[in-house]
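Once you've had a glance at the structure underneath, I'll fire off some questions.
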Amino acid sequence: MPTSLPGHGAGTALELEPQEQLSAEIAAAQENVHPGARQPRIDFPAYRSSVLRHPTKDLRHADPEGVELVAPVFGHGDVDPIESDLTIQGDGEPIGERMVLAGRVVDGDGRPVRHQLVEIWQANAAGRYVHKHDQHPAPVDPHFTGVGRCLTDADGAYRFVTIKPGPYPWRNHLKAWRPAHIHFSLFGTEFTQRLITQMYFPGDPLFALDPIYQSITEPGARDRLVAVYDHGLTTHEWATGYRWDIVLTGTHSTPREPEDHE
């Protein structure tokens, strides 16, 4: 039974469903899947807008060579190393838990994927994006844009300095909050090769309640989206450290998502 939430939004009442209903739908969906479903389900009913986020007709195939003629091209000289530090983009220190995030990009055989463009974007420590459509009533940090990028080195390693993002509400259902996460985008050897995914933080109590995270029905695949705390990366009186590796192919590949997910 929907629950009335007066006063939410622009002075109107929204009919939002309770978490119990969403959790029951998540459980039912996960009972009816084939083992080994490592990627998120494209149409996951508990994620209410997922039906609007995937194609219903056959894709129109583009000529890869033609796309290359008009698409942006990134070279090593186009990515400055300081772009991997998201804490120096303003005139002051951003608010929140400073963290070092590092890992490797490898293929299914564990070989390093070298000199690949890795981009991230995220909410600030209060759970607010710098985006005109983000209406979460949390403060925008003037010293934090939430975007950064780097190239992997010869060992396939990447490293960012950033602020741990906060969770934020969304209107999928009543009291819906997204677990804290960071979006990742990786380009391959051609501009038409792109992987988009999300990295989460260990121990988040919102995991079981989030239909986006739960749209990956294999528990092991969900676990591969969660970074680990790395005390070796942690810096005394400066930053905590997290490590997350990305596997592009094979049975342990990192789950990916359509480009327009939250």
Heavy-atom side-chain contact between Ser185 and Phe187 under 4.5 Å: yes
Could you tell me whether Asp109 atom CG has more than 12 heavy atoms of other residues or ligands within 6.0 Å of it? yes
Listed partners of Glu83 passing side chain to side chain contact (heavy atoms under 4.5 Å, CB included), at least two apart: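 Scan of Glu83 (side chain to side chain contact (heavy atoms under 4.5 Å, CB included), adjacent residues dropped) gives Val79, Asp80, Arg149.
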If you measure only the distance, is there a donor-acceptor pair under 3.5 Å linking the side chains of Gln122 and Thr162? yes
Does any donor atom in the side chain of His183 or Tyr129 lie under 3.5 Å from an acceptor atom in the other side chain?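 Present: a donor and an acceptor within the cut-off.
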same_hphob_cluster(Val140, Ile95) at 4.5 Å side-chain heavy-atom cutoff: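 No, it is not one cluster - the side chains of Val140 and Ile95 are not joined through contacts under 4.5 Å.
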Using only atom types and a distance under 3.5 Å, with no angle test, would you say the side chain of Gln214 pairs donor to acceptor with the backbone of Leu209?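 Judged by distance alone, no pair lies under 3.5 Å.
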According to a hydrophobic-cluster definition based on side-chain heavy atoms being under 4.5 Å apart (Ile, Leu, Val, Met, Phe, Trp, Tyr only), do Val226 and Met199 belong together? yes
Rounded to the nearest 0.5 Å, how far does CZ of Arg222 lie from CD1 of Ile216? 7.5 Å
Checking Thr145 now: which residues fulfil side chain to side chain contact (heavy atoms under 4.5 Å, CB included) with it, not counting sequence neighbours? Gln89, Val147
With no hydrogens and no angle check, do the side chains of Gln198 and Arg178 hold a donor and an acceptor under 3.5 Å apart?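 Their side chains do contain a donor-acceptor pair, which is all the 3.5 Å distance test asks for.
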Does Ile82 sit in a hydrophobic cluster with other residues, and if so which ones, taking ILVMFWY side chains as linked at heavy-atom separations under 4.5 Å, directly or through other members?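 Same cluster as Ile82: Ile88.
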Heavy-atom closest contact (Pro255 atom, Thr197 atom, distance): O-OG1, 2.6 Å
For Arg159 and Ala102, indicate whether the former's side chain and the latter's backbone hold a donor-acceptor pair under 3.5 Å. no
Please name all residues satisfying ring-ring contact (aromatic ring centres under 6.0 Å, His included) with His131, sequence neighbours left out, ordered by chain then number. His133
Indicate the atoms forming the closest heavy-atom contact of Gly127 with Tyr168, along with that distance. O-CB, 3.1 Å
Asn172 side-chain N/O to Ala46 backbone N/O, donor-acceptor pair under 3.5 Å: yes
For Gly148 versus Leu86, what's the shortest heavy-atom pair and its separation? CA-CD1, 3.8 Å
Does anything in residues 19-30 form a salt bridge (Lys or Arg N to Asp or Glu O under 4.0 Å)? List the pairs, not counting sequence neighbours. Glu25-Arg48
Least distance between heavy atoms, Pro202 atom then Ala227 atom: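 For Pro202 versus Ala227, the nearest heavy atoms are CD-O, 3.3 Å.
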Is the distance between the ring centroids of Phe184 and Trp121 under 6.0 Å?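 Centroid separation for Phe184 and Trp121: 6.0 Å or greater.
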In Å and rounded to the nearest 0.5 Å, what is the CG to CD1 distance from Asp210 to Ile26? 7.5 Å
With a cutoff of under 4.5 Å between side-chain heavy atoms, which Ile, Leu, Val, Met, Phe, Trp and Tyr residues group with Leu233?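 Its cluster partners, ordered by chain and number, are Val100, Val161, Trp238.
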Answer with yes or no whether the hydrophobic clustering places Leu225 together with Trp177; edges join I, L, V, M, F, W, Y residues whose side-chain heavy atoms lie under 4.5 Å apart.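 Each belongs to a different hydrophobic cluster.
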Sidechain-backbone polar pair: Thr254 side chain, Val247 backbone, donor-acceptor under 3.5 Å: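 The answer is yes, because a donor-acceptor pair under 3.5 Å joins these two groups.
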Is the side chain of Gln21 donor-acceptor paired with the backbone N or O of Gln19 at a distance under 3.5 Å, no angle test? no
Would a single hydrophobic cluster contain both Leu117 and Val106, if residues Ile, Leu, Val, Met, Phe, Trp and Tyr are joined by side-chain heavy-atom contacts under 4.5 Å?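 Per the 4.5 Å side-chain linkage, Val106 and Leu117 are not co-clustered.
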Donor-acceptor under 3.5 Å (Ser215 side chain, Pro40 main chain):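 Not a single qualifying donor-acceptor pair exists.
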Measure across Leu101 and Ile182 and return the closest heavy-atom pair with its distance rounded to 0.1 Å.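 So the minimum-distance heavy-atom pair works out to CD2-CD1, 3.9 Å.
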Counting N and O atoms only, with roles assigned by atom type, does the side chain of Asp245 sit under 3.5 Å from a partner on the main chain of Arg104, one being a donor and the other an acceptor?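 Pair found, side chain donor or acceptor close to backbone of Arg104.
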With sequence neighbours excluded, what pairs up with Phe144 under the ring-ring contact (aromatic ring centres under 6.0 Å, His included) test? none
Qualifying residues under side chain to side chain contact (heavy atoms under 4.5 Å, CB included), relative to His115, sequence neighbours excluded: His76
Aromatic rings His181 and Tyr200: how do their planes relate, parallel, tilted or perpendicular, breaks at 30° and 60°?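 Tilted, since the angle between the ring planes falls between 30° and 60°.
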Once the angle between the rings of Tyr242 and Tyr229 is folded into 0 to 90°, is it parallel (under 30°), tilted (30 to 60°) or perpendicular (over 60°)?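 Ring orientation of Tyr242 relative to Tyr229: perpendicular.
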Whether Phe160 and Tyr158 hold their rings parallel, tilted or perpendicular, with breakpoints at 30° and 60°: tilted
Hydrophobic clusters here meaning ILVMFWY residues chained together by side-chain heavy-atom distances under 4.5 Å, can you tell me if Ile120 and Leu195 are in one?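 Yes, because Ile120 and Leu195 connect within a single hydrophobic cluster, where side-chain heavy atoms sit under 4.5 Å apart.
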Pair listing, ring-ring contact (aromatic ring centres under 6.0 Å, His included) test, anchored in residues 85-114, at least two apart: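 Listed once each, the pairs would be none.
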If you link I, L, V, M, F, W and Y whenever their side-chain heavy atoms are under 4.5 Å apart, who else ends up in the same group as Val228? none
Can you sort out the partners of Asp153 under side chain to side chain contact (heavy atoms under 4.5 Å, CB included), two or more places apart, ordered by chain and number? Asp155, Ala157
For a 4.5 angstrom cut-off between non-hydrogen side-chain atoms, does Ile163 reach Glu97? no
Heavy-atom pair of closest approach, residues Ala126 and Pro139: CB-CD, 3.9 Å
Any pair with a residue in residues 116-133 that passes salt bridge (Lys or Arg N to Asp or Glu O under 4.0 Å), sequence neighbours left out, goes on the list, sorted by first then second residue, please.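 Listed by first then second residue: Arg128-Asp134.
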